[in-house]
Amino acid sequence: MKYTVNDHGYYGKFGGAFIPEMLHPNVEELRISYLSIIESPQFKKDFDYLLKNYVGRPTPLFLAERLSEKYKAKIYLKREDLCHTGAHKINNTIGQILLAKKLGKKKIIAETGAGQHGVATATVCALMGMECIVYMGQLDMERQRPNVERMRILGTKVVAATSGNMTLKDATNEAMRHWINNPTDTHYIIGSVVGPHPYPDMVARFQSVISDEIKTQLTAQEGNPFPDYVIACVGGGSNAAGAYYHFLDDEHVKLIGVEAAGKGVDTGESAATTALGKVGILHGSKSLLMQTEDGQVIEPYSISAGLDYPGIGPLHSHLFDTGRVQFISATDDEAMNAGIELSRLEGIIPAIESAHAVAVLGKLSLDEDDVVIVNLSGRGDKDLETYIRWGKY
Ligand SMILES: *Cc1c(COP(=O)(O)O)cnc(C)c1O
């Protein structure tokens, strides 16, 4: 298992837990207990039950015939867009809230940028009757008003972070501060495969249901559990980690990660971490991130809020470093065109994040009998304003 986390919380040279001393007890409690809890039969039973009956899993694996015809390969879409709340994120929030309950926590906190992770967290907190506070940068609150109101309807308190640029990083700082002050009764739900160990491993395990289902579904549809390619977009990396997970040691399965090039990798307005990043510490782990010569985090840019993140998690940093995953980037324009194309060819309007994954189909040299999985991480409802503003359809 070359690609799983080691006992010290590292993937190769990436990972670890670089946290303030004050947070140590919280993270240590998680580290010591997470595996025994999530591998217990009762936890698995509860998790599977909710994934099936609440989220709507298994999500379909759909053979996209018109897309296949266009790109001359057998292209399947893994329909995470059909999950309750519209994206894969809820797989993780369900797992973490069940874990928080087992740890006896009464309250949940989370940070959110565009609000998608906040909505998924608010949703499961309502379901479980847990008190929930979501920290969000004040600027993001103004930009993502519908998601703020969704969280409020669900009974979550949304707190504005008013320091710094008033965006995700500042919201993260506020959430950390809250956790330090409320260590015993509160669990902090991180929304991607980022943060200090054990978060990246924990989130990857919760999302691994995606590749588990793909294997079963491909066996039924193709008579073989292994595709030739798995393609997924990478923000922090959770939907990609889930889609790759059960194929990591099968080196004949080519894994493709798609980053947001924004206006172009060299324009200064990009979020293509592997192209531009260097090793550093971000949100509690050693990973690749976009930074200046003296180590200041560079503001990322992408048209899709979910990919607008200056780093990638430690697992993906390692997958890039070892060459196990090939990273490609797609610009805003390429992603928007791919989103319209998928809408026209298959009747599916994808999240703009997911459209980045579709956008690289034309950049791979595919064979007619290649079986290609595109992980469609979310649906486009939340992005309607962006599609309208872009206008070319
Ligand atoms: C949040 C989000 C992403 C990016 O996050 P990952 O952790 O990289 O998966 C991608 N797609 C959708 C639809 C999202 O909501």
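Counting starts at 1 for both ligands and their atoms, following the listed order. Keep in mind that the numbers below use all heavy atoms, side chains included, and drop hydrogens, waters and symmetry copies.
For NZ of Lys278, the number of neighbouring non-hydrogen atoms (other residues, nucleotides, ligands) closer than 6.0 Å is greater than 12.
Among protein heavy atoms, the minimum distance from atom 12 (C) of ligand 1 is reached at Ser377 OG, 3.5 Å. The nearest protein atom to atom 6 (P) of ligand 1, hydrogens excluded, is given as Ser238 N, 3.3 Å; this is a heavy-atom distance. Here the heavy atom of the protein found nearest to atom 4 (C) of ligand 1 is Gly306 O, 3.3 Å.
At under 3.5 Å, a nitrogen or oxygen of Ser192, whether backbone or side chain, sits near a nitrogen or oxygen of ligand 1. At least one N or O atom of Gly236, backbone or side chain, sits closer than 3.5 Å to an N or O atom of ligand 1. The N/O atoms of Gly378, backbone and side chain alike, include none that comes under 3.5 Å of an N/O atom in ligand 1. Residue Lys382 has no N or O atom closer than 3.5 Å to an N or O atom of ligand 1. Checked by distance only, ligand 1 and Val193 stay at 3.5 Å or farther apart across all their nitrogen or oxygen atoms. Between His88 and ligand 1, at least one pair of N/O atoms sits closer than 3.5 Å.
For Ser329 and Glu259, the side-chain atoms include no donor-acceptor pair closer than 3.5 Å.
Contact detail for Leu51 and Asn91: the closest heavy-atom pair is CD2-OD1, 3.9 Å. Shortest non-hydrogen contact noted between Ser211 and Tyr244 is OG-C, 4.2 Å.
Compare Gln116, Lys89, Glu80 by their heavy atoms: the one nearest to atom 3 (C) of ligand 1 is in Lys89.
Within the 3.5 Å criterion, the main-chain N or O of Gln296 finds a donor-acceptor partner in the side chain of Thr292.
Remark: aromatic rings of Phe47 and Phe206 are close, center separation under 6.0 Å.
Ligand 1 lies less than 4.0 angstrom from a heavy atom belonging to Cys233.
Just one of Val234, Leu315, Thr273, Leu288 meets the side-chain contact (heavy atoms from CB on, under 4.5 Å) condition when paired with Phe320; it is Leu288.
Set against the non-hydrogen atoms of Gly235, the atoms of ligand 1 under 4.0 Å away are 8 (O). Taking a cut-off of under 4.0 Å to the non-hydrogen atoms of Ala351, the atoms of ligand 1 that pass are 13 (C).
A salt bridge links Glu251 to Lys2: at least one charged side-chain nitrogen sits closer than 4.0 Å to a carboxylate oxygen.
By the 4.5 Å heavy-atom criterion applied to side chains, Ser163 and Glu174 are counted as neighbours.
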